[in-house]
Amino acid sequence: MAVNLNSDVANGLYNANLATQAGAKSDKSTLTTSDFWTLISAELKYQDMSNPMDNAAMMEQITQMSSMSTMTSMADAIANFSTVVNNLSSVTLTTYSTGLLGKEVTVVTKTDEKGNVTETKKGTITGVDLTGATSVYIDGKPYELSSIMAVGDVPEIKTDNKTDTSTDTADKTEKSTGTKTGQKS
C-alpha cells in the first residue's frame, strides 16, 4: 500500500514524525540491571560448549552489578532522606511561626555596622507570611522570623559590665561582723 504524500496535511505529519524520530537520542552509556541480566543469559545461552564461560569471571560480573545496584539504591535513599529532612524542616518552621500568632515578641529593627542591636520593637504578632522567607507581622509591618529576640514579657538585661561596689562592700562587712549594715551592735 503506497502512502500519498501529495497532500499538505500528510506531508506535514510525515515531516513532524521524521523530525521527532531524528531528534530522539538513545543513552547507550547506561546499563540497567535488566540489561545486565539479559546479557548474562545471552552469554550463557550462546557460549561455546567446548570452551565454557569461566565461573569466576561470571561471579565477578554478578558481584560488580550487585554492588552497583546497591550503591544506586543507597544514593536514591540518601536523596529521598534529604527531601524528607527538607520537608520536615519546612513543617517545623511553619508550626513554630504559626504558633507565634497572638504572642507578644520583641524584634530587632536596627543594628549598627558591627551587628550590635541599636533598636527594638515590642508588639503582638498578628500574621505570618509563609511564602518565601518566613515573616511575621507586627502592627501590619513584616519582620523576618530571625529578627525575633524574645517571646513574651522578658525583663531587660543590662549589658554594661559595671558592678555596684557599695552593695558588695556592705555584704562583705555583714558576713564578717555577723550584723547587717545599718544595725547597731
Side-chain angles (χ1 to χ4, degrees), residues 1-3 5 9-109 111 113-117 120 124-138 141-152 154:
M1 179 175 158
V3 178
L5 295 178
V9 174
N11 199 17
L13 287 173
Y14 175 77
N15 288 337
N17 283 335
L18 186 62
T20 304
Q21 291 173 359
K25 292 182 181 176
S26 172
D27 185 12
K28 296 183 185 207
S29 64
T30 305
L31 179 67
T32 65
T33 306
S34 178
D35 296 337
F36 173 76
W37 289 115
T38 303
L39 284 172
I40 288 290
S41 64
E43 268 187 80
L44 291 172
K45 183 177 180 182
Y46 296 112
Q47 71 180 331
D48 182 9
M49 289 301 165
S50 62
N51 187 13
M53 184 190 306
D54 182 20
N55 287 342
M58 185 174 72
M59 288 306 292
E60 183 180 329
Q61 289 176 353
I62 291 172
T63 303
Q64 285 177 350
M65 192 60 193
S66 176
S67 294
M68 290 300 294
S69 178
T70 301
M71 288 169 60
T72 302
S73 296
M74 285 179 60
D76 290 345
I78 289 170
N80 289 340
F81 182 71
S82 175
T83 302
V84 167
V85 168
N86 286 340
N87 290 343
L88 183 59
S89 175
S90 178
V91 167
T92 303
L93 183 62
T94 301
T95 303
Y96 172 71
S97 56
T98 55
L100 291 172
L101 283 169
K103 304 274 186 186
E104 186 177 53
V105 296
T106 304
V107 292
V108 175
T109 57
T111 58
E113 61 278 348
K114 293 180 182 178
N116 297 325
V117 176
T120 62
T124 302
I125 295 180
T126 57
V128 177
D129 182 8
L130 301 174
T131 59
T134 305
S135 301
V136 294
Y137 286 85
I138 300 171
K141 187 174 178 190
Y143 296 93
E144 289 183 29
L145 192 61
S146 61
S147 69
I148 296 176
M149 292 179 53
V151 178
V154 178

When you measure from the side chain of S147 to the backbone of V107, do you find a donor-acceptor pair of N or O atoms at a distance under 3.5 Å? no
4.5 Å side-chain heavy-atom contact, V105 and V136: no
Where L130 and S97 come nearest, the two heavy atoms and their spacing: CD2-OG, 3.5 Å
From the list T109, I125, V108, I148, side chain to side chain contact (heavy atoms under 4.5 Å, CB included) partner of Y143 resolves to T109
Show me the side-chain donor-acceptor pairs of residues 57-69 shorter than 3.5 Å, one per line, residues at least two apart or across chains.
unit_1 : atom_1 : unit_2 : atom_2 : d
T63    : OG1    : M59    : O      : 2.7
S67    : OG     : T63    : O      : 3.1

If you compare all heavy atoms of V151 against all heavy atoms of L100, which two are closest, and at what distance to 0.1 Å? CG2-CD2, 4.0 Å
Mind checking the CD1-OG1 spacing from I138 to T124? Nearest 0.5 Å is all I need. 8.0 Å
Less than 4.5 Å apart, any side-chain heavy atom of D129 and any of Y137? yes
Distance, nearest 0.5 Å, that separates OG of S73 from CD1 of I78: 11.0 Å
Considering residues, nucleotides and ligands other than E144, do more than 12 of their heavy atoms fall under 6.0 Å from its CD? no
Could you pull out all donor-acceptor pairs under 3.5 Å where a side-chain atom in residues 86-96 meets a protein atom, sequence neighbours excluded?
unit_1 : atom_1 : unit_2 : atom_2 : d
N86    : ND2    : S82    : O      : 3.4
N87    : ND2    : T83    : O      : 3.4
T92    : OG1    : L88    : O      : 2.8
T94    : OG1    : S90    : O      : 2.9
T95    : OG1    : V91    : O      : 2.8

